[in-house]
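Counting starts at 1 for both ligands and their atoms, in listed order.
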Amino acid sequence: MIFNIMTLFPDMVENYFQYSILKRAVDAGIIEIQTTNPRDYTENKHKKVDDIPYGGGAGMVLMAQPYVDAYESIEKSPKSLTIMLSPQGKPLTDEMVNEFAKFEQIILMCGHYEGFDERIRDIIKPVEVSIGDFVLTGGELPALCLIDAVSRKLEGTLGKIESADEDSFSNGLLEYPHYTRPREYRGLKVPDVLLNGNHKEINEFRLKQSIERTKNRRPDLYEKFNKNK
Ligand code: 21W
């Protein structure tokens with residue numbers, strides 16, 4: 001899977017892929033990261049990428065020309081998807097991540113506390129995605145979130161140990177509590193059922209804990225879980 005990140009700050013995103021599971025995925029050739037900087041495509045001598053908004057108001061607006069030209073310079077595979085990271089986008093979910101994981105190439109368009117000139121949307125027609133109802137300074141972290149979430153769904157990225165099937169959201173429930181040694185810490189004991197080796201009982205205990213947790217913390221997910229049953 002090729003990810004092409006359009007950003008004015010390529011250094012900001014490149015470092016993320018030098019660590020841990022994603023580094024392993026890059027080294028194994030499961031994912032490939034490319035960046036494209038619209039500043040390299042400006043046609044004005046000051047390499048300007050933004051300008052003041054028509055009609056007035058605060059903030060700057062990303063100019064269409066550098067962005068569209070940068071976009072058109074990217075080599076596109078037949079199964080490619082273009083996503084604009086934007087506070088106005090559809091909030092990202094695990095189901096959306098699963099759909100995105102079916103593409104061969106994803107182009108991610110980041111802005112940086114600047115609106116996009118609307119004609120960038122008119123011409124490129126990207127899918128617009130947000131990562132939640134809070135305001136960031138740019139689309140780079142959202143792009144990394146999306147790439148991270150998609151990459152771990154790809155065959156071979158996760159080892160057996162990190163397997164994705166047991167995650168929260170894959171079964172619609174939050175995770176059960178985990179314990180490791182010692183058996184007692186500051187007077188707090190590991191639940192006996194986890195020590196008795198009866199895997200049927202252990203699974204029942206964990207499922208009950210998952211359901212209880214989901215009910216208390218995420219009534220929205222709990223309701224969905226009950227409906228799907
Ligand atoms: C924040 C962009 C505010 C635009 C006119 C000129 C991408 C994001 C972002 C950002 C504005 C996501 C303005 C959750 C997020 C993102 C930066 C508003 C200011 N108006 N998901 N300038 N939260 N954020 N425009 O912030 O790009 S996905």
Side-chain angles (χ1 to χ4, degrees), residues 1-17 22 31 33-44 46-74 80-103 105-153 167-169 217-218 220-221:
M1 162 100 72
I2 298 174
F3 295 102
N4 199 298
I5 310 169
M6 297 184 64
T7 172
L8 296 169
F9 306 98
D11 293 345
M12 228 168 107
V13 298
E14 277 163 4
N15 288 323
Y16 190 70
F17 300 94
L22 291 187
I31 60 170
I33 308 296
Q34 296 172 4
T35 56
T36 303
N37 189 342
R39 198 176 294 283
D40 297 336
Y41 294 84
T42 51
E43 278 175 355
N44 59 79
H46 302 292
K47 296 196 170 195
K48 236 163 78 94
V49 291
D50 56 6
D51 209 334
I52 53 175
Y54 275 119
M60 301 290 276
V61 177
L62 289 167
M63 296 162 68
Q65 178 273 316
Y67 229 94
V68 171
D69 283 353
Y71 179 76
E72 289 177 345
S73 80
I74 298 169
S80 120
L81 174 70
T82 302
I83 300 175
M84 174 185 276
L85 289 311
S86 141
Q88 299 159 56
K90 185 173 167 192
L92 187 64
T93 62
D94 194 55
E95 285 102 63
M96 287 159 72
V97 170
N98 285 331
E99 287 308 306
F100 296 161
K102 295 174 184 168
F103 287 83
Q105 177 190 30
I106 299 180
I107 300 168
L108 300 119
M109 305 168 61
C110 304
H112 214 87
Y113 207 79
E114 278 151 331
F116 289 91
D117 186 306
E118 191 60 21
R119 290 164 295 186
I120 298 174
R121 291 186 173 89
D122 294 340
I123 293 166
I124 298 176
K125 297 184 172 67
V127 171
E128 266 182 78
V129 173
S130 154
I131 60 160
D133 293 339
F134 45 87
V135 184
L136 299 165
T137 60
E140 283 77 9
L141 280 175
L144 290 177
C145 288
L146 192 151
I147 295 171
D148 192 299
V150 169
S151 296
R152 59 190 294 296
K153 302 277 187 177
D167 288 333
S168 288
F169 306 116
R217 297 184 187 189
R218 293 291 305 272
D220 56 322
L221 291 182

Exercise. Taking C-beta and beyond as the side chain, do Met84 and Ile124 meet within less than 4.5 Å on heavy atoms?
Worked result: no
For this session: Look only at the side chain of Gln65 and the backbone of Glu43, and say whether a donor-acceptor pair between them is shorter than 3.5 Å.
Result: yes
Exercise. Got a sec: does the OH of Tyr54 have more than 12 other heavy atoms crowding it under 6.0 Å?
Worked result: no
Exercise. Should we say atom CD1 of Ile52 is surrounded by more than 12 heavy atoms from elsewhere, each under 6.0 Å from it?
Worked result: no
For this session: Step through the shown structure and confirm whether more than 12 heavy atoms of other residues, nucleotides or ligands are within 6.0 Å of CG on Asp133.
Result: no
Under 3.5 Å: N or O atoms of ligand 1 paired with protein N or O:
| residue | atom | partner | partner atom | Å |
| --- | --- | --- | --- | --- |
| ligand 1 | 21 (N) | Ser130 | OG | 3.4 |
| ligand 1 | 21 (N) | Ile131 | N | 3.0 |
| ligand 1 | 22 (N) | Gly115 | N | 3.4 |
| ligand 1 | 23 (N) | Phe134 | O | 2.7 |
| ligand 1 | 26 (O) | Leu136 | N | 2.8 |
| ligand 1 | 27 (O) | Gly139 | N | 3.3 |

Exercise. Would a 4.5 Å heavy-atom cut-off, applied to side chains only, mark Val13 and Ile33 as touching?
Worked result: no
